[in-house]
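Here is the structure we will look at, set down as C-alpha cells.
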Amino acid sequence: MTDPTGVLVGLVGDTTDAGIEAFAPGRVNLIGEHTDYTGGLALPMAVQLGTTVRGSRGGHDISLVSDAAEGVVNLNVGALNIGATEPPWGRHVAAMAGTLLRRMSVGGFTGTISTTLPVGAGLSSSAALDVSLALALGFAGTAGELATVAQEAEQAATGVPCGLMDQLASTCGVAGHALRIDFSDNTVTPIPLPNDVEVVVVHSGRSRTLAGSAYADRRQQCAAATTLIGPLADARPADTTAISDPVLRRRARHVTSENERVDAFIDALAGADPAMAGRILVASHRSLADDFEVSVPELDELVERLVAMPGVYGARLTGAGFGGCVVALTAPGVLAAAPGVWPVQSASGAWVRVATA
Ligand code: GLA
C-alpha cells in the first residue's frame with residue numbers, strides 16, 4: 001500500500017515575483033457517499049478537469065479574476081473579512097489567505113483563475129479552487145496537509161461543514177487509479193481501474209442549491225446516531241436496528257451499508273465483474289435516496305434511464321446529492337460526450353510550478 005498523503009506538494013525556494021501556475025483537479029466519487037465525516041470509506045478519483053491559477057506573487061494585495069464567475073476580487077492580506085468579500089467567490093480567496101496566514105506568511109498575488117470544471121455540478125469545483133489557490137499563494141507541505149488547509153478554507157468560505165474527501169481526492173490523485181480513502185485515519189490507497197470500463201459523469205440538469213443546510217442536517221443526524229451506537233465506521237447495518245428513531249436509524253443504515261459497498265465495489269472491479277460493480281452502484285443510489293434522502297426526482301430518473309441502456313453497468317448520484325451529477329460505470333464508448341455528459345479519466349493530484357510560457 002502506498003499512501004500519497006505524504007507526498008510533498010508546493011514549490012521549494014523563493015518564488016517571489018516568479019510566474020506561478022497552480023492546478024488542482026476536480027473529483028468524481030465512485031462510491032462511498034456521506035461517509036467521510038463519520039470516519040468511513042470512500043472511493044473517489046481525481047479527474048482530468050480542474051482549476052488553474054496563474055499569476056505572480058508580490059506586495060500585500062491579492063487581485064484575481066475568474067473565467068467562471070463575474071467580478072474582480074481585490075483583497076489586502078492584512079485586512080481580510082471573509083463574509084464581506086465581494087463578489088461571493090472571492091470568499092474562497094479570503095478564506096484561503098486567512099487559513100494560510102495562521103500557518104505561514106502570505107503575500108499578495110495578481111492573476112487569473114480558469115477552470116474546465118462545471119461549477120456546482122458535484123465535481124468539487126470549489127475544492128479545486130481552494131487547492132489551486134493554496135498552491136498559488138505559496139502553500140508548501142504534504143498532500144494530506146494541503147487537503148486539510150483546503151477543507152478549513154472551504155468551511156470558512158461557505159459555512160458548510162464538509163468532510164475531507166474532495167480535498168484529499170484533489171491533492172492525492174493517481175492517474176489510472178481511484179483512491180480508497182479510510183477516513184478513520186485519512187489513509188489513501190490507490191486502486192487500479194480496469195481498462196475495459198469507463199466512468200462517465202452525467203448532469204441531472206438540476207443544480208445543487210439546497211446543499212448547505214441539508215448537508216449540515218445530515219452530518220448532525222450521523223453524529224446523533226453515533227452517540228447511540230458508537231462510531232458508525234465500526235458498526236454494521238444490523239447494529240442500526242438498535243436505534244429507535246426511524247430517521248436516525250435510516251441515516252445510520254445508509255452509512256454502515258455504504259462502507260461495506262465501498263470494499264464490495266473494489267472487490268468486484270478486481271474480480272473483473274463490472275456487472276456486479278454496477279449493481280453495487282445502484283444499491284448505493286437507492287440507499288442515498290431512501291435511507292439518506294439526498295436524492296431528487298431528476299437524479300432518480302437519470303439513474304433509471306441510464307441503467308436501462310445496454311452497456312451501462314450501473315449508476316448513482318455522486319457528491320452531496322440534492323441535484324448535480326450521476327456517475328455511471330459503462331463499457332467503453334457507450335455514452336458519448338455531449339453537453340452535460342463528461343467521460344472522465346482518473347488523473348494525478350494538484351501541482352504548482354513556475355510557468356515557462
Ligand atoms: C460533499 C462534501 C464531501 C462529502 C460529500 C458526500 O462533496 O464536500 O466532504 O461529504 O459531499 O459524500
Side-chain angles (χ1 to χ4, degrees), residues 24-47 49 51 92 95 117-131 144 146-173 178-184 186 188 201 203-204 207-223 226 232-233 251-252 254-259 261-262 265 281 284-285 287-289 291-296 299 316-327:
R27 65 96 187 93
V28 60
N29 188 20
L30 297 179
I31 195 160
E33 215 67 85
H34 288 279
T35 50
D36 57 351
Y37 50 80
T38 50
L41 300 174
L43 189 71
M45 65 186 212
V47 296
L49 308 170
T51 298
H92 286 269
L117 279 165
V119 174
L123 298 183
S124 291
S125 55
S126 62
L129 173 61
D130 296 331
V131 171
L146 175 56
T148 305
V149 160
Q151 179 196 31
E152 212 177 290
E154 174 80 21
Q155 293 186 348
T158 64
V160 177
C162 64
L164 193 59
M165 171 174 68
D166 307 345
Q167 297 78 8
L168 272 180
S170 181
T171 64
C172 296
L179 306 172
R180 179 189 187 273
I181 307 180
D182 180 343
F183 292 96
S184 66
N186 296 331
V188 177
V201 172
H203 202 287
S204 68
S207 61
R208 295 175 314 146
T209 44
L210 286 176
S213 60
Y215 185 93
D217 288 351
R218 295 304 183 282
R219 221 187 140 145
Q220 238 168 11
Q221 289 163 342
C222 288
T226 300
L232 298 186
R251 302 297 187 253
H254 164 71
V255 174
T256 52
S257 62
E258 185 77 349
N259 285 331
R261 279 188 289 271
V262 172
F265 180 85
L281 292 183
S284 166
H285 183 80
S287 176
L288 285 158
D291 279 350
F292 217 64
E293 295 179 280
V294 292
S295 189
V296 290
L299 288 167
R316 56 178 285 280
L317 73 84
T318 184
F322 316 107
C325 285
V326 157
V327 59

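One-based numbering, in listed order, for ligands and for the atoms of each.
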Which residue supplies the protein heavy atom nearest to [atom], what is that atom called, and how far is it?
atom	result
atom 3 (C) of ligand 1	Asp36 OD2, 3.3 Å
atom 7 (O) of ligand 1	Asp166 OD2, 3.0 Å
atom 10 (O) of ligand 1	Tyr215 OH, 2.6 Å

Using a distance-only test with no angle check, is there a side-chain donor-acceptor pair under 3.5 angstrom linking [X] and [Y]?
X	Y	result
Glu258	Ser287	no
Asp217	Gln221	no
Thr38	Arg219	no
Ser284	Arg316	yes

Output yes when a side-chain donor or acceptor of Asn29 lies under 3.5 Å from a complementary backbone atom of Gly32, and no otherwise.
->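 Judged by distance alone, yes, a pair lies under 3.5 Å.
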Counting N and O atoms only, with roles assigned by atom type, does the side chain of Ser125 sit under 3.5 Å from a partner on the main chain of Ala121, one being a donor and the other an acceptor?
->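 Not a single qualifying donor-acceptor pair exists.
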Which of the atoms in ligand 1, numbered in the order shown and given with their element, are less than 4.0 Å from a heavy-atom of Gly163?
->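 Those atoms are 9 (O).
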Please identify which atoms of ligand 1 are closer than 4.0 Å to at least one heavy atom of Met165.
->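 That gives atoms 4 (C), 5 (C), 12 (O) of ligand 1.
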If we only count N/O pairs under 3.5 Å, is [X] in contact with ligand 1?
X	value
Gly32	no
Tyr37	no
Thr35	no

May I ask you to decide whether Arg218 forms a salt bridge with Glu293, counting only side-chain N to carboxylate O separations under 4.0 Å?
->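 A salt bridge is absent here (no side-chain N lies under 4.0 Å from a carboxylate O).
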Would you please determine whether Arg27 falls within less than 4.0 Å of ligand 1 on a heavy-atom basis?
->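 Within the 4.0 Å threshold, so yes.
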